[in-house]
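Naming convention: chains lettered A, B, ... in sequence-line order (proteins, then strands); numbering from 1 in each chain. Bear in mind that the values here come from a model prediction, so they are computed numbers and not experimental data.
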Amino acid sequence: MAKQNGFFSTRLIAWYLKNKRDLPWRKTKEPYKIWLSEIILQQTRVLQGMPYYISFTSKYPTVHQLAAAKEEEVLKLWQGLGYYSRARNLHFTSKIVANELNGVFPQTYAELKKLKGVGDYTASAIASICFDKPTAVVDGNVYRVLSRVFNVALPINTGKGITYFKGLAQELIDHGQPGTYNQAVMEFGARYCVPQNPDCAHCIFNDKCEAFKKNKVSQLPVKLKTLKTKKRYFNYLVVVSEDGKTLLEQRKGKGIWQNLYQFPLVEASKDISEKQLIGTDGFKGFAETVSVKVITKHNDTPIVHKLSHQHLHTTFWIVETTALGEMGVPVSTVGTYPVPVLVSKFLDGFRLKIE
DNA sequence: AATTCGGGGAC
DNA sequence: GTCCCAGAATT
């Protein structure tokens with residue numbers, strides 16, 4: 001027999017049943033809703049994801065309605081949540097399930113993982129919660145709880161660490177109630193064994209926790225640090241035409257905000273003046289298609305929009321032009337397009353000025 | 001194995 | 001400023 005780790009799941013589940021939050025996705029075992037909730041919650045706090053779960057389940061009660069929607073509509077509902085590939089993959093997979101799988105989700109880890117946007121974590125979560133399969137999840141909470149209770153200092157962002165924690169989690173899972181166990185570890189990590197200043201003195205594991213015994217809780221889990229962020233310089237050309245229209249472009253190809261909309265963009269290598277802007281190739285190309293009358297800088301100092309790996313120093317330029325005709329979209333409809341938060345925040349302030 | 005992909009909250 | 005969040009896909 002291996003290590004005596006039965007205490008772990010036993011205490012954890014007892015704690016969970018007493019302390020768990022009343023969350024909407026805990027009222028169901030429908031694979032569609034569990035899948036939806038797990039995609040929304042990837043790298044996302046419960047409080048941030050909650051309103052999106054409500055609006056998605058309300059607008060698309062089953063996978064069939066989601067599959068019947070247009071991608072742009074899905075992106076619009078996802079707007080503000082970030083990591084937009086999740087929304088694109090969500091929609092793609094909904095069409096697979098609705099049209100090729102007769103609306104029925106796979107029941108095993110291996111089959112679930114074949115779905116786009118469903119990785120190790122999500123496949124384990126759905127298999128355990130919906131179908132009682134003993135597949136252990138490993139998310140940020142699990143890394144933290146296990147690294148502390150068992151004093152494991154392997155970095156969680158290396159292959160060795162990932163493999164080790166996955167194996168440890170799999171050893172610990174309760175085969176009788178795997179879904180409850182998985183949710184219990186995550187809830188415990190999110191609500192009690194928190195990153196900063198956990199209340200170890202009153203913890204259910206304070207007689208077992210190896211990190212607590214050795215006073216190493218604050219040093220775990222170990223995570224190798226990543227590189228610093230890069231700066232980019234965005235100049236958005238906010239066209240306001242004589243016929244009340246503006247120009248929007250959809251971002252294509254690779255990079256951030258794929259398939260979302262934005263104003264025509266001139267990217268530079270530093271903050272630039274109006275004179276410098278007019279001299280860029282990007283602006284010259286733009287000026288070939290529209291007749292520019294007046295340019296006004298909207299924000300005096302660049303707005304710094306922070307993403308995980310880049311800081312976007314952004315200037316919005318109001319560009320008055322002659323009539324755009326069929327080229328433009330009515331300014332009043334801009335709010336119906338999915339746009340990055342950077343653009344949506346600008347619109348919030350800009351509408352007040354022009355109306 | 002490393003990098004990329006958002007946005008918000010806690011400190 | 002830093003770190004983290006119910007991770008996955010790509011290179």
Side-chain angles (χ1 to χ4, degrees), chain A residues 16 20-21 23-26 34-53 75 78-90 92-93 112-126 128-129 136-145 155-163 165-166 169 179 181-191 193-198 218-230 232 251 253-260 304-312 338-345:
Chain A
Y16 176 68
K20 66 176 179 179
R21 289 168 289 182
L23 303 173
W25 47 86
R26 288 187 176 151
I34 298 301
W35 164 70
L36 176 61
S37 74
E38 295 300 347
I39 302 297
I40 287 175
L41 292 173
Q42 286 168 7
Q43 291 293 287
T44 304
R45 292 174 188 281
V46 164
L47 285 179
Q48 187 187 4
M50 183 106 70
Y52 289 84
Y53 177 83
L75 284 171
W78 196 272
Q79 179 178 306
L81 197 53
Y83 285 168
Y84 296 93
S85 66
R86 290 185 293 169
R88 296 191 301 271
N89 290 337
L90 182 84
F92 179 90
T93 293
L112 285 162
K113 258 199 74 169
K114 293 178 181 174
L115 302 175
K116 196 168 291 186
V118 176
D120 285 5
Y121 164 80
T122 304
S124 298
I126 299 173
S128 63
I129 295 171
V137 299
V138 181
D139 74 334
N141 294 305
V142 177
Y143 282 125
R144 189 167 52 254
V145 174
I156 64 173
N157 53 348
T158 64
K160 280 191 173 183
I162 292 169
T163 301
F165 281 103
K166 201 168 293 182
Y181 166 84
N182 275 336
Q183 296 187 76
V185 193
M186 294 190 285
E187 186 81 344
F188 186 71
R191 304 276 291 176
C193 192
V194 291
Q196 306 294 333
N197 304 314
S218 65
Q219 302 171 35
L220 295 169
V222 173
K223 190 174 187 177
L224 272 44
K225 67 175 187 291
T226 57
L227 280 59
K228 62 170 183 175
T229 62
K230 294 178 179 177
R232 298 174 72 181
R251 290 184 68 95
K254 291 187 285 188
I256 58 174
W257 302 332
Q258 195 175 97
N259 292 9
L260 271 65
V304 182
H305 187 73
K306 296 177 180 180
L307 306 181
S308 301
H309 292 84
Q310 42 189 308
H311 289 359
L312 310 176
V339 298
V341 164
L342 172 60
V343 172
S344 121
K345 283 183 175 172

Participant: Rounded to whole Å, how long is the line connecting atom CG of Leu41(A) with atom P of dC4(C)?
Facilitator: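 So the two atoms are 19 Å apart, to the nearest Å.
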Participant: What distance, rounded to whole Å, do you find between the two P atoms, one in dT3(B) and one in dC3(C)?
Facilitator: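 dT3(B) and dC3(C) have their P atoms separated by 16 Å.
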Participant: Report yes if some heavy atom in the side chain of Val118(A) is under 4.5 Å from a heavy atom in the side chain of Glu38(A); otherwise report no.
Facilitator: no
Participant: Under 4.0 angstrom, heavy atoms only, what part of the nucleic acid is Gln43(A) near: base, sugar-phosphate, or nothing?
Facilitator: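 Counting heavy atoms under 4.0 Å across all strands, the contact made by Gln43(A) includes a base.
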Participant: Is Asn157(A) touching bases, backbone alone, or none of the nucleic acid, heavy atoms closer than 4.0 Å?
Facilitator: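 Since no nucleic acid heavy atom lies under 4.0 Å of Asn157(A), the category is nothing.
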Participant: When the distance from CD1 of Ile156(A) to C1' of dC5(C) is rounded to whole Å, what number comes out?
Facilitator: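 Going from CD1 in Ile156(A) over to C1' in dC5(C) covers 11 Å.
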Participant: Between Ser85(A) and Pro195(A), who's closer to the 5' end of DNA chain C by nearest nucleotide?
Facilitator: Pro195(A)
Participant: Base, sugar-phosphate, or nothing for Thr122(A), non-hydrogen atoms under 4.0 angstrom?
Facilitator: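 Sugar-phosphate contact only.
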Participant: Regarding Arg26(A), tell me which of base, sugar-phosphate or nothing describes its non-hydrogen contacts under 4.0 Å with the strands shown.
Facilitator: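 It contacts base atoms.
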Participant: Using a 4.0 Å heavy-atom cut-off across all strands, classify Ile40(A) as base, sugar-phosphate, or nothing.
Facilitator: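 Nothing: the residue Ile40(A), judged by heavy atoms under 4.0 Å, touches no strand.
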Participant: On DNA chain B, check which nucleotide each of Ile256(A) and Thr226(A) is closest to and give me the residue with the more 5' one.
Facilitator: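 It is Thr226(A) whose nearest nucleotide is closer to the 5' end.
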Participant: Where each residue is assigned the nucleotide of DNA chain B containing its nearest heavy atom, which of Gln196(A) and Lys254(A) is assigned the position nearer the 5′ end?
Facilitator: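 Result of the comparison: Lys254(A).
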Participant: Less than 4.5 Å apart, any side-chain heavy atom of Ile256(A) and any of Leu312(A)?
Facilitator: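 Yes; the side chains approach each other to less than 4.5 Å.
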Participant: Have Tyr121(A) and Gln42(A) got a donor and an acceptor in their side chains that come within less than 3.5 Å?
Facilitator: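 Not at all, the side chains of Tyr121(A) and Gln42(A) share no donor-acceptor pair under 3.5 Å.
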Participant: Map Gln183(A) and His311(A) onto DNA chain C by nearest heavy atom, then report which one ends up closer to the 5' terminus.
Facilitator: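 By nearest-heavy-atom nucleotide position, the 5'-most residue is His311(A).
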Participant: P atom, dC11(B) versus dA6(C): distance in rounded Å?
Facilitator: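 Those two atoms are separated by 14 Å.
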Participant: Any base atoms under 4.0 Å from Gly80(A), or only sugar-phosphate, or nothing? Heavy atoms, all strands.
Facilitator: sugar-phosphate
Participant: Over all strands shown, is Trp78(A) touching base, sugar-phosphate only, or nothing at heavy-atom distances under 4.0 angstrom?
Facilitator: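 Nothing, no nucleic acid heavy atom in range.
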Participant: Mind calculating the distance between CG (Leu342(A)) and P (dG8(B)) to the nearest angstrom?
Facilitator: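 It is 11 Å, rounded to the nearest whole Å.
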Participant: Using whole Å, what does the distance between atom C1' of nucleotide dC5(B) and atom CG of Leu81(A) come to?
Facilitator: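 That distance rounds to 13 Å.
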Participant: Decide yes or no on side chain to side chain contact (heavy atoms under 4.5 Å, CB included) for Gln79(A) and Leu260(A), but give the supporting numbers first.
Facilitator: CA-CA 9 Å; Gln79(A) 179 178 306; Leu260(A) 271 65; 5.8 Å; no
Participant: For the side chain of Tyr84(A), counting heavy atoms from C-beta on, which of dA9(C), dG7(C), dG7(B) is nearest?
Facilitator: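 Minimum distance to the Tyr84(A) side chain belongs to dG7(B).
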Participant: So if I apply the ring pair (Phe, Tyr, Trp, His ring centres under 6.0 Å) rule between Tyr53(A) and each of Trp35(A), Trp78(A), Trp25(A), which one comes out positive?
Facilitator: Trp25(A)
Participant: Does a side-chain N or O from Trp257(A) land closer than 4.0 Å to OP1 or OP2 of dT4(B), or not?
Facilitator: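 Trp257(A) to dT4(B) OP1/OP2: no side-chain N or O under 4.0 Å.
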Participant: Tell me whether the side-chain N or O atoms of Ser308(A) pair up with the base of dG6(B) as donor and acceptor below 3.5 Å, since no angle test is needed here.
Facilitator: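 By the distance-only test, yes, there is a pair.
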Participant: Can you tell if the side chain of Gln183(A) reaches within under 4.5 Å of the side chain of Glu187(A), non-hydrogen atoms only?
Facilitator: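 No, their side chains stay 4.5 Å or more apart.
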Participant: Is the shortest heavy-atom distance from the side chain of Thr44(A) to the side chain of Tyr83(A) under 4.5 Å?
Facilitator: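 A side-chain contact under 4.5 Å is absent here.
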Participant: Given atom CD of Gln79(A) and atom P of dG8(B), what is their separation to the nearest angstrom?
Facilitator: 11 Å
Participant: Is Lys306(A) close enough to dT2(C) that one of its side-chain N or O atoms is under 4.0 Å from OP1 or OP2 there?
Facilitator: no
Participant: Quick one: does Thr44(A) reach the base of dG6(B) with a side-chain donor-acceptor pair under 3.5 Å?
Facilitator: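 Counting by modelled atom types and ignoring angles, a donor-acceptor contact under 3.5 Å is found here.
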Participant: Grab the CH2-P distance between Trp35(A) and dG7(C) for me, whole Å please.
Facilitator: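 For the pair Trp35(A) CH2 and dG7(C) P, the rounded distance is 17 Å.
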Participant: Classify Val118(A) by what it touches in the nucleic acid, base, sugar-phosphate, or nothing, heavy-atom distance under 4.0 Å.
Facilitator: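 Sugar-phosphate, backbone atoms only, no base.
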Participant: Checking all strands, does Lys230(A) fall into the base, sugar-phosphate, or nothing category for heavy-atom contacts under 4.0 angstrom?
Facilitator: nothing
Participant: Measure NZ/Lys345(A) against P/dG6(B) and give the value in whole Å, please.
Facilitator: 15 Å
Participant: Does the side chain of Gln42(A) get closer than 4.0 angstrom to OP1 or OP2 of dG7(C) through an N or O atom?
Facilitator: no
Participant: Given dC4(C), dG7(C), dA6(C), which nucleotide is nearest the side-chain atoms of Asn141(A)?
Facilitator: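 Out of dC4(C), dG7(C), dA6(C), the nucleotide with an atom closest to Asn141(A)'s side chain is dA6(C).
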Participant: Taking only N and O in the side chain of Arg144(A), is any of them less than 4.0 Å away from OP1 or OP2 of dC5(C)?
Facilitator: yes
Participant: Side chain of Tyr121(A), base of dG7(C): donor and acceptor closer than 3.5 Å?
Facilitator: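 Answer is no: no donor-acceptor pair is held.
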Participant: Please name the residue in the list Asn157(A), Val142(A), Ile156(A) that meets the side-chain contact (heavy atoms from CB on, under 4.5 Å) test with Pro221(A).
Facilitator: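 Among Asn157(A), Val142(A), Ile156(A), the one meeting side-chain contact (heavy atoms from CB on, under 4.5 Å) with Pro221(A) is Ile156(A).
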Participant: Determine whether a donor-acceptor pair (one donor, one acceptor, N or O, separation below 3.5 Å) exists between the side chain of Arg45(A) and the base of dC4(C).
Facilitator: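 Side chain to base: pair present.
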Participant: Within this structure, what is the CZ-to-P distance between Arg88(A) and dA8(C), rounded to whole angstrom?
Facilitator: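 Value for this atom pair: 16 Å.
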Participant: Would you say His305(A) places a side-chain N or O within less than 4.0 Å of OP1 or OP2 belonging to dG6(B)?
Facilitator: no
Participant: Starting the side chain at C-beta, find the nucleotide from dC5(B), dA6(C), dA8(C) nearest to His309(A).
Facilitator: dC5(B)
Participant: Once you apply a heavy-atom cut-off of 4.0 Å, does Gly255(A) come out as touching a base, just sugar-phosphate, or nothing?
Facilitator: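 Answer is sugar-phosphate: Gly255(A) comes under 4.0 Å of backbone atoms only.
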Participant: In whole Å, what separates the P atom of dT11(C) from that of dG6(B)?
Facilitator: 15 Å
Participant: Whether Thr158(A) contacts dA1(B) is assessed here as follows: a side-chain N or O lying under 4.0 Å from the phosphate OP1 or OP2. Is that the case?
Facilitator: no
Participant: I want to check one thing: is the phosphate of dG6(B), taken as OP1 and OP2, less than 4.0 Å away from some side-chain N or O of Gln310(A)?
Facilitator: no
